[in-house]
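Take a look at the structure below.
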Amino acid sequence: MAADPETSDAHARWRRLNAFVDGELDPRAAARTARAIADDPADARDAAALGELKAALGDAFADHAPQVPPALRASQATMQPKRRAWRRVAAAAVILLMAGATVWLAPFGGSQDRSAPAWVTHAVERHAALSERPAQSPGARLAATPVALQGFAPFVPDLRSGKLTVGRIESFTGPDGAASLAVNYHGTRGCRVTLVAFADGAAGLSERLERLRLAEGAPSSDAPAAQGFVWRVGGVRYLLIASGMDAGRFGVIAETVHRASQLHRPIDDEGRTLMADARANSAPCQA
Amino acid sequence: MESLRRDLQTHAARLYGYAYALSKNPADAEDLVQDVFVKAMSAQRAPSDPDALRAWLFRILRNAFIDLCRRTRREAALDVGREAEADEAFEPPVGAEPPVITQLTVRFGLMKLSPPHREILALVDIAGFTYGEAAEILDVPTGTVMSRLSRARAALIDAIGESNILPMRRRGRTA
């Protein structure tokens with residue numbers, strides 16, 4: 001029996017999303033799917049559901065570990081701890097190399113903060129306003145998987161491994177009328193980080209992570225210096241902003257969030273470990 | 001020896017999850033995992049590569065389950081017939097509101113699935129095998145793993161949705 005084309009497309013899409021969530025697509029197919037997820041709320045919703053399903057199954061029996069009996073006979077040791085350590089070192093090296101390549105790039109044709117587009121200025125102002133407000137009580141809850149918001153499906157990462165919890169989530173209309181989302185994270189040592197997503201196209205941005213020069217306030221201002229990174233995934237623009245944070249730590253967070261947003265998947269074990277290490281090795285934020 | 005014991009303990013929860021998915025019975029699952037521990041610790045040689053060790057342990061468990069079914073004259077039913085592999089056998093949950101997905105609902109949902117679907121979900125999502133590794137354990141092509149898994153997840157979403165737990169809207173949040 002010949003398959004109905006519509007049904008076949010639905011099956012192919014479903015298989016592709018499954019393979020994407022499992023990390024089984026080749027890089028080009030994964031990038032195409034990530035862009036489709038960024039652009040299509042239906043894909044984002046289904047990918048999020050599959051991610052939740054996978055995560056819930058992965059943890060479903062985590063508390064049921066039978067105890068290994070006392071020794072019978074010796075066998076060989078394994079190399080798992082060494083391998084894990086090597087992977088962490090390799091991942092850190094890659095991030096350092098990437099950070100070195102992107103330091104102080106100006107993504108808007110070499111422009112400085114004074115000529116930054118309106119959406120950047122808008123995002124920085126929103127970061128400042130949100131950072132002054134206390135966290136919502138009992139705290140905005142955030143699923144470990146992407147959220148879909150009124151047809152707009154930006155990637156919202158869980159940064160708790162870096163001791164950053166969601167203080168506030170705010171949806172708003174951007175300066176050019178597009179759906180936008182700002183997620184303000186609170187640290188335990190005075191850090192404030194905001195991820196702002198705009199749904200209105202590319203604005204000339206590449207998909208690479210680029211460091212953004214931001215205004216440091218008037219010379220007399222006591223406000224801590226702000227740092228920013230921008231990038232694009234499909235038709236969604238992202239801007240990550242922090243105030244007073246150690247530049248190395250912020251770079252690790254930005255690299256990790258950028259990578260996860262491209263895949264539209266929760267931050268993986270290595271990313272979480274890197275963010276935790278970066279926090280442990282950094283000074284408190286200058287609030 | 002201590003190293004192997006540590007490795008076994010590391011894999012214990014996932015082995016139990018796989019055993020539970022196969023047997024649907026906590027007591028059998030516990031026995032199967034203990035069987036794996038004893039066989040692994042009494043083996044002349046265990047694989048030294050971590051990935052090979054993990055695959056070896058799960059193969060031991062699978063064989064132990066098949067032996068258990070033979071002893072108790074139960075049908076293991078781990079093989080999927082050609083009919084069940086056809087696309088017509090399932091509908092992707094396109095356009096549906098996702099059900100409430102928690103550890104509890106997926107465990108209940110998992111138990112409603114067919115043995116092959118429980119097994120593929122256990123291998124990939126609980127044990128964490130890649131498609132290629134799961135294909136080797138099951139002795140099927142990788143494409144079969146991919147299609148079987150996508151059907152199994154669709155079936156699991158259906159099974160969770162059919163439970164008496166009502167969906168809860170958690171989107172469209174504004175501070």
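Throughout, a chain's letter reflects where its sequence line sits, starting with A, and its residues are numbered from 1.
Both the backbone and the side chain of B:A154 have a heavy atom closer than 4.5 Å to some heavy atom of chain A. Residue contact with chain A, scored on non-hydrogen atoms closer than 4.5 Å, is absent for B:V36. Heavy-atom distances place both the backbone and the side chain of A:A19 under 4.5 Å from chain B. With a 4.5 Å cut-off on non-hydrogen atoms, A:L50 touches chain B through its side chain but not through its backbone. Within the 4.5 angstrom heavy-atom criterion, atoms from both the backbone and the side chain of B:R153 approach chain A.
Not a single donor-acceptor pair under 3.5 Å links the side chain of B:E136 to the backbone N or O of B:E133.
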With side-chain contact (heavy atoms from CB on, under 4.5 Å) as the criterion, how do B:I126 and B:L110 come out once you've worked through the C-alpha distance, each side chain's angles and the decisive distance to 0.1 Å? CA-CA 11 Å; B:I126 296 174; B:L110 187 65; 4.2 Å; yes

Ring pair (Phe, Tyr, Trp, His ring centres under 6.0 Å) for B:F129 and B:F58? Distances and angles first, verdict last. CA-CA 10 Å; B:F129 286 109; B:F58 280 81; 5.0 Å; yes

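Defined by atom type and a distance below 3.5 Å, a donor-acceptor pair is missing between the side-chain atoms of B:S147 and B:S150.
For the pair A:S131/A:N184, a side-chain contact is recorded, criterion being any heavy-atom separation below 4.5 Å from C-beta on.
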